Chemist: 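Dropping the structure in here first, questions after.
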Amino acid sequence: MKHESAAHPSEAILYFANADNCLKYMVDHRWPNGVTCPTCGRMDVRWLANQKKWQCKSVHAKRQFTVKVGTIFEDSALGL
């Protein structure tokens with residue numbers, strides 16, 4: 001999905017204040033070909049909606065991950 005560009009910074013602030021908009025934007029830009037496990041690269045991961053994270057179908061130590069893993073936001077206590 002193509003995202004509209006904000007004409008003014010205040011529009012971007014309002015748009016990204018919605019957690020779902022922020023998540024969708026991050027997912028679309030990080031994984032344009034679909035979400036993949038950052039540990040093993042497997043593409044058939046499932047979305048855990050109640051936890052807002054994905055789970056890889058392979059069994060390994062880091063099978064659950066969020067959109068923040070491997071980014072500068074990974075260790076931030078702040079949500080997207």
Side-chain angles (χ1 to χ4, degrees):
M1 175 181 186
K2 194 171 185 176
H3 299 280
E4 296 177 25
S5 60
H8 194 270
S10 64
E11 291 178 14
I13 291 169
L14 290 174
Y15 181 80
F16 288 115
N18 179 307
D20 291 332
N21 289 345
C22 191
L23 179 64
K24 176 84 171 115
Y25 182 87
M26 291 282 292
V27 169
D28 289 349
H29 283 79
R30 180 163 185 189
W31 296 297
N33 298 319
V35 179
T36 59
C37 176
T39 302
C40 70
R42 192 167 172 161
M43 293 190 71
D44 58 340
V45 298
R46 68 182 180 119
W47 174 244
L48 304 173
N50 59 333
Q51 298 178 39
K52 295 203 179 219
K53 60 175 74 170
W54 289 269
Q55 181 170 300
C56 181
K57 290 189 178 179
S58 294
V59 179
H60 51 77
K62 297 182 179 180
R63 69 186 292 204
Q64 290 187 353
F65 59 95
T66 68
V67 73
K68 295 190 327 180
V69 73
T71 70
I72 62 170
F73 306 111
E74 181 172 10
D75 295 325
S76 173
L78 300 175
L80 293 174

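Numbers here are sequence positions counted from 1. Model, not experiment: these values are computed from the prediction.
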Chemist: Do Met26 and Ile13 belong to the same hydrophobic cluster, where Ile, Leu, Val, Met, Phe, Trp and Tyr are linked whenever their side-chain heavy atoms lie under 4.5 Å apart, directly or via other members?
Modeler: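 As far as the 4.5 Å side-chain criterion goes, Ile13 and Met26 are not connected within one cluster.
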Chemist: If you look at every heavy atom in Thr36 and Met43, which pair is closest and at what distance?
Modeler: CG2-CG, 3.3 Å
Chemist: Between Asp28 and Lys24, does any NZ, NE, NH1 or NH2 come within less than 4.0 Å of an OD or OE carboxylate oxygen?
Modeler: yes
Chemist: Just do the side chain to side chain contact (heavy atoms under 4.5 Å, CB included) check on Trp47 and Lys52 with the steps written out, would you?
Modeler: CA-CA 7 Å; Trp47 174 244; Lys52 295 203 179 219; 4.0 Å; yes
Chemist: Would you say the side-chain atoms of Asn21 pair up with the backbone N or O of Phe16, donor to acceptor, closer than 3.5 Å?
Modeler: no
Chemist: Which atom names give the shortest non-hydrogen contact between Arg30 and Lys68, and what distance separates them?
Modeler: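 Closest approach of Arg30 to Lys68: NH1-C, 4.2 Å.
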Chemist: Evaluate the side-chain proximity of Phe73 to Val67: yes if any heavy-atom separation is below 4.5 Å, no if none is.
Modeler: no
Chemist: Search all heavy atoms of Val45 against all heavy atoms of Cys37 and return the closest pair with its distance.
Modeler: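 Shortest heavy-atom contact: CG1-N, 4.0 Å.
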Chemist: Should the pair Phe65 and Trp54 be assigned to parallel (<30°), tilted (30 to 60°) or perpendicular (>60°) ring geometry?
Modeler: parallel
Chemist: Does one side chain, of His60 or Ser58, offer a donor that lies under 3.5 Å from an acceptor on the other?
Modeler: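 No.
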Chemist: Roughly how far apart are Arg63 CZ and Arg42 CZ, rounded to 0.5 Å?
Modeler: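 It comes to 9.5 Å.
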